[in-house]
There are 4 protein chains.
Amino acid sequence: MEWRPAISAKDKNNNKYHLILEAAIKVFAGHGFYQSTISQIAREAGVADGTIYLYFKNKDDILVQFFNYKTRQVFAGFREEVDKADNSGEKLRNLVRRHLKEFQADRDMALVYQAVTRQHNRLVKKEIKEMSKLYLDLVVEIVEQGQAEGLMRKDLYLSLVKRYILGAVEEVINTWLLSGGKYDLISMADPLIDLFIRGIGIPGAFQQDEAIQVNSQ
Amino acid sequence: MEWRPAISAKDKNNNKYHLILEAAIKVFAGHGFYQSTISQIAREAGVADGTIYLYFKNKDDILVQFFNYKTRQVFAGFREEVDKADNSGEKLRNLVRRHLKEFQADRDMALVYQAVTRQHNRLVKKEIKEMSKLYLDLVVEIVEQGQAEGLMRKDLYLSLVKRYILGAVEEVINTWLLSGGKYDLISMADPLIDLFIRGIGIPGAFQQDEAIQVNSQ
Amino acid sequence: MEWRPAISAKDKNNNKYHLILEAAIKVFAGHGFYQSTISQIAREAGVADGTIYLYFKNKDDILVQFFNYKTRQVFAGFREEVDKADNSGEKLRNLVRRHLKEFQADRDMALVYQAVTRQHNRLVKKEIKEMSKLYLDLVVEIVEQGQAEGLMRKDLYLSLVKRYILGAVEEVINTWLLSGGKYDLISMADPLIDLFIRGIGIPGAFQQDEAIQVNSQ
Amino acid sequence: MEWRPAISAKDKNNNKYHLILEAAIKVFAGHGFYQSTISQIAREAGVADGTIYLYFKNKDDILVQFFNYKTRQVFAGFREEVDKADNSGEKLRNLVRRHLKEFQADRDMALVYQAVTRQHNRLVKKEIKEMSKLYLDLVVEIVEQGQAEGLMRKDLYLSLVKRYILGAVEEVINTWLLSGGKYDLISMADPLIDLFIRGIGIPGAFQQDEAIQVNSQ
DNA sequence: CATGAATGAGCCTTCATTCAT
DNA sequence: AATGAATGAAGGCTCATTCAT
């Protein structure tokens with residue numbers, strides 16, 4: 001028998017659900033998921049320990065909900081942002097800019113997301129894969145459009161390209177997090193896009209440039 | 001009073017130290033650091049629980065030793081690999097290839113490294129920073145040589161470039177880990193280098209290519 | 001950061017705090033502090049192991065609380081008893097009688113007190129000193145009054161006298177404890193006072209009686 | 001089957017037995033019996049942990065041996081000292097003086113003796129009783145001689161008198177130990193004897209002096 | 001005789017979860 | 001709905017003791 005919350009917990013207007021979720025993210029951001037306790041979360045949220053179990057199945061479930069509601073919502077915004085632009089270059093720029101913007105705006109979410117994402121955590125493996133796929137598909141879509149527009153190279157290993165972009169963006173975010181969030185993350189977007197597009201080499205300078213053979217995708 | 005291992009643990013000929021360390025990495029890789037128990041590690045190593053404390057101060061110390069001995073050694077190899085090549089392009093290729101090779105060769109190490117590296121773990125914060133700096137400095141060195149050789153663009157935001165490269169490589173590794181290590185990771189090296197050098201754009205196709213202003217770090 | 005009990009532990013109406021404290025004293029009395037386990041105390045108190053940590057910081061804290069609440073209360077009674085009498089002789093008699101009475105009434109407390117008091121236990125060193133000083137000061141006060149009243153010798157080494165009295169009383173208690181508490185301890189009070197006052201010698205029989213030189217503290 | 005030391009351990013000329021015993025006493029004095037570890041004792045003695053088990057059955061046995069060899073020897077000296085004197089007063093003085101002298105000379109022994117003596121420790125209950133009886137019998141013998149000599153009161157509660165004396169002496173020692181052994185303990189002997197003999201009262205000043213009725217022994 | 005690495009039982013302590021109020 | 005006291009399973013760590021060398 002599957003567990004049902006005792007309370008219509010996820011109703012949009014239910015403050016306490018979100019109150020606890022936000023408190024949890026804050027605490028997870030500070031100590032890491034396994035180092036955080038239900039008591040800490042309860043104290044941060046200003047509720048009793050037991051109250052948390054009215055809205056969440058258990059501690060693990062808080063993390064799952066984080067992905068299912070909080071993160072999903074953030075990533076959904078990426079789609080909108082991409083749709084705003086026509087040009088593949090602008091789409092990519094919008095995507096990266098929005099990514100950096102959202103993560104800069106919610107540092108706690110960013111910390112938890114980045115940490116859990118690399119933990120190969122059984123609890124949220126599925127959710128992470130979905131989130132990741134959503135992003136990667138977006139990139140592939142953009143690059144394919146870029147190829148169709150004649151703006152992007154056709155000899156690209158797409159499944160590599162998408163990770164190359166996601167990895168670089170996430171690493172830039174990670175560095176910003178480690179720095180304590182002292183500088184403006186969004187300003188990294190344009191230089192980053194430039195690297196994605198042009199790379200670091202001077203065109204024609206590398207003899208082997210032409211030699212690389214890739215199986216597209 | 002500083003703790004000393006009860007046993008001259010790090011002597012070359014002492015297998016038990018390495019036996020336990022390897023067992024621990026395997027267990028950490030499977031369950032994550034905080035989900036792993038000393039008993040699991042002991043069982044995996046084929047020793048008694050108490051034996052672990054003859055070689056390690058406590059559970060945390062195992063993770064610290066992982067960075068101080070295991071990982072440090074892997075990263076030291078990167079330096080050698082870079083020094084083997086003259087050309088900046090070859091240096092970069094050697095670095096990335098070796099990186100992928102080492103992580104493919106020791107999947108457990110790779111899993112633990114990737115996970116802990118994003119956890120903002122207090123225990124090994126210092127070690128992670130050192131390891132990371134070692135890598136990033138290597139990249140900067142290569143790119144600067146590339147610029148001197150006239151092979152790489154001079155208008156590069158170096159502190160961004162180094163993370164762009166590290167991030168992309170690590171994400172490729174991460175994806176490989178998530179896939180269960182089913183394909184050949186090293187074969188990713190050349191396509192990846194190609195992306196670093198040339199990017200995904202067709203030279204001249206993007207109007208704004210020239211417009212980007214960067215402070216060359 | 002200072003520890004606060006999770007529960008308003010010392011509230012008058014909170015039985016569980018006292019329940020556990022009494023259980024602990026009983027167990028300590030039977031096995032000694034270091035030989036007693038939290039599980040034993042919990043079982044004796046009829047609570048779960050974890051419950052103890054809602055009221056006490058840790059095992060050591062139980063011993064500290066024993067001194068801060070249980071013993072302090074007993075010793076506070078000594079002051080009242082002394083104040084009841086006018087005559088220095090009666091004051092001394094009341095003090096010793098009450099001392100023996102309280103320790104006879106709570107054999108477990110007596111056992112723990114006597115044991116810990118001689119252990120030079122770091123945990124409660126301060127508390128023991130305070131408790132001891134309280135008692136010794138009381139004796140000094142009485143003897144000084146006795147001297148003023150012309151009932152007690154003026155050539156007394158006060159700091160020795162106070163220990164002479166405390167030591168004799170405690171040894172009598174100790175013997176009673178070792179015997180298993182089979183006889184009436186309070187009946188020892190009068191003969192003991194007699195020894196304090198008159199000693200064991202026949203007045204004038206010892207030639208050297210007059211020869212002893214003391215620095216009246 | 002009873003345990004026998006693997007080695008003729010108690011041979012007078014065996015240094016290691018005494019080496020370990022002295023080391024143990026030193027360690028017990030510093031940390032208390034239960035807080036001391038075999039490793040600490042081994043280190044203090046300059047031998048391996050395992051070596052201790054060649055001379056002692058187990059940790060408990062070290063404490064038992066402490067009483068059986070070390071303490072017994074000290075207390076045996078008391079008998080000699082008493083026999084040296086003829087007069088009961090001198091006998092008492094010699095006894096107390098020697099007691100203080102021996103305990104001052106070996107502070108570690110004193111610490112361990114005082115601590116264990118009040119612990120109601122199962123391990124050495126028998127030994128402590130013996131040691132104690134030896135001392136108390138000596139006092140009784142002296143007092144009875146004093147009574148025969150017409151130097152001591154006949155209306156004495158002997159079994160109380162002996163504890164009264166032992167208790168006072170031990171408390172004086174205890175105070176000296178707590179002070180860190182800063183002053184001369186032996187100088188306490190004469191003032192103490194004076195208190196035993198004459199008490200603190202002025203002869204005849206207390207009306208009730210005569211009123212006390214005691215059952216001798 | 002001596003060593004000291006290895007063992008594993010046992011203990012303190014934490015904390016997710018429950019449930020009576 | 002909310003509380004928070006109570007629970008007890010689980011885990012990190014210590015250390016007396018053993019035994020192969």
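Since we're looking at a predicted model, the values are computed, not measured. Below, chain A is the first sequence line, B the second, and so on; all start at residue 1.
- Ion pairing between B:Glu127 and B:Arg72 fails under the 4.0 Å rule for side-chain N and carboxylate O.
- Closest contact between the side chain of A:Tyr55 and the listed nucleotides F:dT3, F:dA5, F:dA2 involves F:dA2.
- Here the P atom of nucleotide E:dA2 and the CG atom of D:Asn15 are 10 Å apart, to the nearest Å.
- In this structure, C:Ile52 and D:Asp60 both approach DNA chain F, and ranking their closest nucleotides by distance from the 5' end singles out C:Ile52.
- In this structure, C:Leu19 places its CG atom 16 Å from P of F:dA5, rounding to the nearest Å.
- Toward the 5′ end of DNA chain E lies the nearest nucleotide of B:Ala48, the other residue of the pair B:Ala48 and C:Lys57 mapping further downstream.
- Of the residues in residues 26-36 of chain D, not one places a heavy atom less than 4.0 Å from an atom of DNA chain E.
- Separating the CD1 atom of A:Ile41 from the P atom of E:dA16 is a distance of 8 Å, rounded to the nearest angstrom.
- Put simply, CZ on C:Arg43 is 13 Å from C1' on E:dC11, counting in whole angstrom units.
- Inter-residue side-chain proximity for C:Asp108 and C:Asp106 is flagged as met; some heavy-atom pair is nearer than 4.5 Å.
- With E:dA2, F:dG12, F:dA16 as the choices, the nucleotide that has an atom nearest any side-chain atom of B:Lys59 turns out to be F:dG12.
- Considering only side-chain atoms of D:Tyr53, the nucleotide from F:dT18, E:dA2, E:dA5 that sits closest is F:dT18.
- Not one N or O on the side chain of B:Thr51 forms a donor-acceptor pair closer than 3.5 Å with the backbone of B:Val47.
- Contact check for D:Tyr113 versus D:Lys70: no side-chain heavy atoms found under the 4.5 Å cut-off.
- Between C:Gln40 atom CD and E:dG10 atom P the separation is 13 Å, expressed in whole Å.
- A salt bridge does not link B:Asp49 to B:Arg43: none of the charged nitrogens lies less than 4.0 Å from a carboxylate oxygen.
- By the 30° and 60° cut-offs, the orientation of the rings of C:Tyr17 relative to C:Tyr55 is tilted.
- Judged by distance alone, the side chain of A:Lys26 and the main-chain N or O of A:Leu21 form no donor-acceptor pair under 3.5 Å.
- With a 3.5 Å limit on both pairing distances and Watson-Crick or G-U wobble geometry required, the stems of 3 or more pairs in DNA chain E span E:2-21 with F:2-21.
- Atom CG of A:Leu54 is separated from atom C1' of F:dG4 by 12 Å (rounded to the nearest Å).
- The closest donor-acceptor contact from the side chain of B:Ser36 to the backbone of B:His31 lies at 3.5 Å or more, if one exists at all.
- For the atom pair OH of B:Tyr34 and CD of B:Gln119, the computed distance is 6.5 Å after rounding to the nearest 0.5 Å.
- Between B:Asp49 and D:Thr51, the one whose closest nucleotide on DNA chain E sits nearer the 5' end is D:Thr51.
- For E:dA5, neither phosphate oxygen OP1 nor OP2 lies less than 4.0 angstrom from any side-chain nitrogen or oxygen of B:Lys16.
- Between the CG atom of B:Leu63 and the C1' atom of F:dG12 there is a distance of 16 Å, rounded to whole Å.
- Backbone-only engagement by B:Thr37 is indicated by non-hydrogen atom pairs under 4.0 Å involving sugar-phosphate atoms exclusively.
- Among the atoms of the strands shown, base atoms are found under 4.0 Å from some heavy atom of C:Ile38.
- Residues A:Phe33 and A:Lys59 meet the side-chain proximity criterion, which asks for heavy atoms closer than 4.5 Å.
- Rounded to an integer number of Å, the gap from CD1 of A:Ile20 to P of E:dA16 is 15 Å.
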